[in-house]
Each structure stands twice: as C-alpha cells, then as structure tokens.
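One structure below.
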Amino acid sequence: MPRYDYRCRACGATFEVSRPMAEASAPASCPDGHDDTVKLLSTVAVTGGATAAPPSGGGCCGGGCCG
C-alpha cells in the first residue's frame with residue numbers, strides 16, 4: 001500500500017499516511033488532530049541494472065560537451 005507524506009500547517013509536523021491509491025487525494029488529519037494539512041510531493045527512487053557506459057563523442061547530451 002502506498003504511503004503519502006503530509007505536513008500540518010497548524011503545528012508544522014510532517015507525517016506519513018498509508019492508504020490505497022484510490023484514496024490518495026483524501027484529506028488527512030495530523031497526529032495531533034489538526035485538519036489543516038497539505039500533501040507533499042514525494043520523490044521516487046528508481047534503480048536500474050544498466051551498466052553500459054554512455055556512448056563517446058557527446059551522445060549522452062546531444063552535443064560535443066560530454067565527449
């Protein structure tokens with residue numbers, strides 16, 4: 001189940017809520033009971049197994065600046 005980060009505008013607390021994606025936009029109360037909260041944008045870390053080196057000659061940025 002995804003976890004969503006929130007910040008309470010009343011007390012400044014940051015907290016997580018686990019809920020189904022269908023309820024992602026539902027409001028959340030902070031642990032201290034305040035209802036004035038905002039959902040934070042979260043970053044997702046994606047790791048891959050690619051080990052190949054980028055092509056030489058500037059192919060990684062479309063110009064000669066990389067090569």
Side-chain angles (χ1 to χ4, degrees):
M1 187 171 312
R3 290 189 288 186
Y4 300 95
D5 295 324
Y6 291 85
R7 175 172 291 136
C8 179
R9 292 181 181 168
C11 66
T14 303
F15 59 97
E16 291 182 345
V17 175
S18 294
R19 56 173 52 161
M21 289 177 69
E23 298 175 15
S25 60
S29 296
C30 89
D32 292 329
H34 305 119
D35 291 326
D36 189 12
T37 61
V38 62
K39 185 175 164 186
L40 302 176
L41 294 176
S42 58
T43 57
V44 177
V46 178
T47 59
T51 58
S56 62
C60 65
C61 59
C65 62
C66 294

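Because the structure is predicted, anything quoted here is derived from the model rather than measured.
- Members clustered with M1: none, using a 4.5 Å side-chain heavy-atom cutoff among hydrophobic residues.
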Output side-chain donor-acceptor pairs under 3.5 Å for residues 8-17, partner residues at least two apart or in another chain, one line each.
unit_1: E16; atom_1: OE1; unit_2: R3; atom_2: NH1; d: 3.4

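- Screening residues 17-30 for side chain to side chain donor-acceptor pair (under 3.5 Å), with sequence neighbours left out, gives Y6-R19, S29-D35.
- Every pair tested for ring pair (Phe, Tyr, Trp, His ring centres under 6.0 Å) that includes a residue from residues 16-42 fails, sequence neighbours excluded, so the list is empty.
- A search for side chain to side chain contact (heavy atoms under 4.5 Å, CB included) contacts involving P2 returns Y4, M21, not counting sequence neighbours.
- For the salt bridge (Lys or Arg N to Asp or Glu O under 4.0 Å) test, no residue two or more places apart in sequence or in another chain qualifies with R7.
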